[in-house]
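Read through the structure below, which is laid out as structure tokens, and then see the notes.
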Amino acid sequence: MVSKQAFLFSLGSLYLSLLFIFLLMDVYARPANNSALKEKASDNKDENEILPPDHLNGVKMEMDGHLNKEFHQEVFLGKEIEEFDEDSEPRKNRRKLAAIFAKVDTNKDDRISAQEMQSWIMKKTEEHFQEAVKENKIHFHAVDPDADGHVSWDEYKIKFLASKGFNEQEVADKVKNNEELKIDEETQEVLDNLKDRWFQADNPPADQLLTEEEFMSFLHPEHSRGMLKFMVKEIVRDLDQDGDKKLTLSEFISLPVGTVENQQAQDIDDDWVRDRKKEFEDVIDADHNGIVTMEELEEYMDPMNEYNALNEAKQMIAVADENQDHHLGKAEIMKYSEYFTGSKLMDYARNVHEEF
């Protein structure tokens, strides 16, 4: 007769065997590309560290020619923009907004003038710049393996391709020996565009080496006059239909490539046209002659342009200036909080008394 100890041992062995089989089944049942996806996510993180960002904080237009929908919030909130979230408690957001109001109101008369708002916008824009400088230092060191203070195009290309999943050592060897790299068409197109941008960031005398400051221009063209010109040139090239290197209203409001398939898409397209028409006529076309030159577009996109900051300040105040006194009161900014912060301060009417 089998002893109790032997029976328990056999039962335990059977359990472990079944557990092992189930684990094997689980491993083989998983999608074959799971590990690849994880690797790709990791690669994307590396890629984001060395690629110029698609979105430039505090710049009115994206590099693809789209209007920056978050511009007002970016220049009003600066680094604090992430603190205002739709999921945040409205009471906390009201206190944060009230604290910002107090900082902007430098003369403490309980209202914000255009000049006070202009100064605040310039301060927040400088915050974005300092944040970019800080990040650039980290990213530069990531692509400067020999820490000689310069990055060659080949060094950058190797790191870029490694971030796209290529074997870094194999790429480095092929680049060193001038051997052909087998790269897919899409990656090659991105690489070609980056190379053009790289050489634009290379200040004279051109040596194909970027210093940390030049690398900053490469990643953040909005903070370099030369690279800002290059960015404007690229935008005009993409929108200019007759090749005169200027933009008419019809060229500027041309709909993105694609057909309107339903009413929702039509509404989006209508919004696109309306927003761009207003921006073209009211802001970008400085002399109101119906044509935007590269110089006008450059001035419009320059984040450190004080004249633009003043115009932006006046525009922001006008949106919420219900009593038409050309100033922004605390109650007004609270009521139009979504415009300034991107977040609705719910139950405004019920809570306004306790806030003030």
Side-chain angles (χ1 to χ4, degrees), residues 41-66 68 70-71 74-75 78-79 81-82 124-166 168 171 186-204 206-238 297-298 300-305:
S42 175
D43 288 344
N44 282 342
K45 181 178 183 296
D46 295 336
E47 181 182 337
N48 291 337
E49 289 180 349
I50 64 174
L51 270 178
D54 291 330
H55 176 74
L56 302 174
N57 288 328
V59 179
K60 300 195 75 168
M61 187 178 289
E62 308 284 6
M63 288 189 287
D64 60 4
H66 286 65
N68 179 3
E70 298 181 353
F71 176 75
E74 289 171 355
V75 296
K79 293 188 298 183
I81 190 169
E82 296 179 0
K124 295 291 112 177
T125 302
E126 178 64 22
E127 275 187 15
H128 287 304
F129 174 71
Q130 293 302 328
E131 188 68 18
V133 170
K134 180 180 176 181
E135 291 177 357
N136 180 69
K137 186 177 290 292
I138 297 171
H139 301 162
F140 181 78
H141 291 161
V143 295
D144 182 25
D146 52 12
D148 64 351
H150 299 85
V151 177
S152 69
W153 167 249
D154 284 345
E155 284 178 324
Y156 179 81
K157 180 167 66 173
I158 292 168
K159 289 292 185 181
F160 168 74
L161 291 175
S163 77
K164 301 292 284 187
F166 291 81
E168 184 169 347
V171 171
E186 182 181 350
T187 302
Q188 185 62 55
E189 184 179 352
V190 174
L191 199 58
D192 290 340
N193 290 334
L194 288 172
K195 188 173 183 179
D196 289 340
R197 186 164 173 164
W198 184 275
F199 288 118
Q200 287 293 326
D202 185 11
N203 293 329
D207 56 7
Q208 299 186 25
L209 299 172
L210 297 193
T211 62
E212 187 173 322
E213 183 179 353
E214 289 170 332
F215 193 71
M216 171 75 176
S217 298
F218 172 72
L219 290 183
H220 290 276
E222 75 275 22
H223 297 301
S224 161
R225 178 57 66 177
M227 286 300 290
L228 187 61
K229 289 179 182 291
F230 175 72
M231 186 165 65
V232 166
K233 183 179 178 181
E234 293 288 291
I235 291 174
V236 171
R237 184 196 65 187
D238 291 341
L297 190 57
E298 184 181 333
Y300 167 78
M301 293 185 64
D302 182 4
M304 300 306 293
N305 186 315

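We're numbering straight along the sequence, starting at 1.
With sequence neighbours left out, Lys137 forms a salt bridge (charged side-chain N to carboxylate O under 4.0 Å, His left out) with Glu212. The side-chain hydrogen bond (donor to acceptor under 3.5 Å, both in side chains) search around Gln200 returns none, not counting sequence neighbours. For the side-chain hydrogen bond (donor to acceptor under 3.5 Å, both in side chains) test, no residue two or more places apart in sequence or in another chain qualifies with Glu213. Residues passing the salt bridge (charged side-chain N to carboxylate O under 4.0 Å, His left out) test with Glu168, sequence neighbours excluded: Lys159. A search for side-chain hydrogen bond (donor to acceptor under 3.5 Å, both in side chains) contacts involving Glu135 returns nothing, not counting sequence neighbours. Residues forming a side-chain hydrogen bond (donor to acceptor under 3.5 Å, both in side chains) with Glu222 (at least two apart in sequence, or on another chain): His220. Judged as a salt bridge (charged side-chain N to carboxylate O under 4.0 Å, His left out), and not counting sequence neighbours, the contacts of Glu234 are Arg237. When the salt bridge (charged side-chain N to carboxylate O under 4.0 Å, His left out) test is applied to Lys229, the partners found at least two apart in sequence or on another chain are Glu298. Every side-chain contact (heavy atoms from CB on, under 4.5 Å) that Thr125 has, sequence neighbours left out, goes to Val75, Ile121, Pro303, Met304. Applying the side-chain contact (heavy atoms from CB on, under 4.5 Å) rule to Asp64 yields the partners Glu62, His66; only residues at least two apart in sequence or on another chain are considered.
Contact record, Val190 with Phe160: CG1-CZ, 3.7 Å, taken as the closest heavy-atom pair. For the pair Met216 and Ala132, the tightest heavy-atom approach, listed with the atom from each and the gap, is CE-CB, 3.6 Å. Nearest heavy atom pair, residue Met63 against residue Pro221, reads SD-CG, 4.2 Å. Nearest heavy-atom pair, Gly65 versus Ile235, reported as atom, atom and distance to 0.1 Å: CA-CG2, 4.1 Å.
Separating the CG atom in Asp302 from the NE2 atom in His223 is a distance of 10.0 Å, to the nearest 0.5 Å. Atom CG of Leu219 sits about 9.5 Å away from atom CE of Met227, to the nearest 0.5 Å. Atom NE2 of His139 is separated from atom CD1 of Ile50 by 10.0 Å, given to the nearest 0.5 angstrom. Here the CG-CG distance, from Leu56 to Asn68, works out to 8.5 Å after rounding to the nearest 0.5 Å. Summarising the geometry, atom CE belonging to Met301 is positioned 3.5 Å from atom CE belonging to Met231; distances are rounded to the nearest 0.5 Å. In this structure, CG on Leu191 lies 10.0 Å from NZ on Lys164, to the nearest 0.5 angstrom.
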Which is it for Ile158 and Phe166 under the side chain to side chain contact (heavy atoms under 4.5 Å, CB included) test, yes or no, and what are the steps along the way? CA-CA 9 Å; Ile158 292 168; Phe166 291 81; over 6 Å; no

One pair to check against side chain to side chain contact (heavy atoms under 4.5 Å, CB included): Trp198 and Val151. What are the steps and the verdict? CA-CA 11 Å; Trp198 184 275; Val151 177; 3.6 Å; yes

Does Tyr300 form a side chain to side chain contact (heavy atoms under 4.5 Å, CB included) with Val232? I'd like the steps, not just the answer. CA-CA 10 Å; Tyr300 167 78; Val232 166; over 6 Å; no

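A distance-only check finds no donor-acceptor pair linking the side chain of Asn57 to the backbone of His128 [under 3.5 Å]. In terms of modelled atom types and a separation under 3.5 Å, the side chain of Asp202 and the main chain of Leu210 share no donor-acceptor contact.
Using a cut-off of 4.0 Å between Lys/Arg side-chain N and Asp/Glu carboxylate O, Lys134 and Glu131 are scored as not salt-bridged.
Taking the side chain as every heavy atom from C-beta outward, Leu161 and Thr187 approach each other to under 4.5 Å. The closest side-chain heavy-atom distance from Phe230 to Phe199 is not below 4.5 Å. In this structure, the side chains of Arg225 and Leu228 come closer than 4.5 Å at one or more pairs of heavy atoms.
In the displayed structure, Gln208 atom CD is contacted under 6.0 Å by at most 12 heavy atoms of other residues, nucleotides or ligands.
Within the structure, salt bridge (Lys or Arg N to Asp or Glu O under 4.0 Å) contacts touching residues 187-199 (residues at least two apart or in different chains) do not occur. Applying the side chain to side chain donor-acceptor pair (under 3.5 Å) rule to pairs touching residues 143-158 yields nothing, sequence neighbours excluded.
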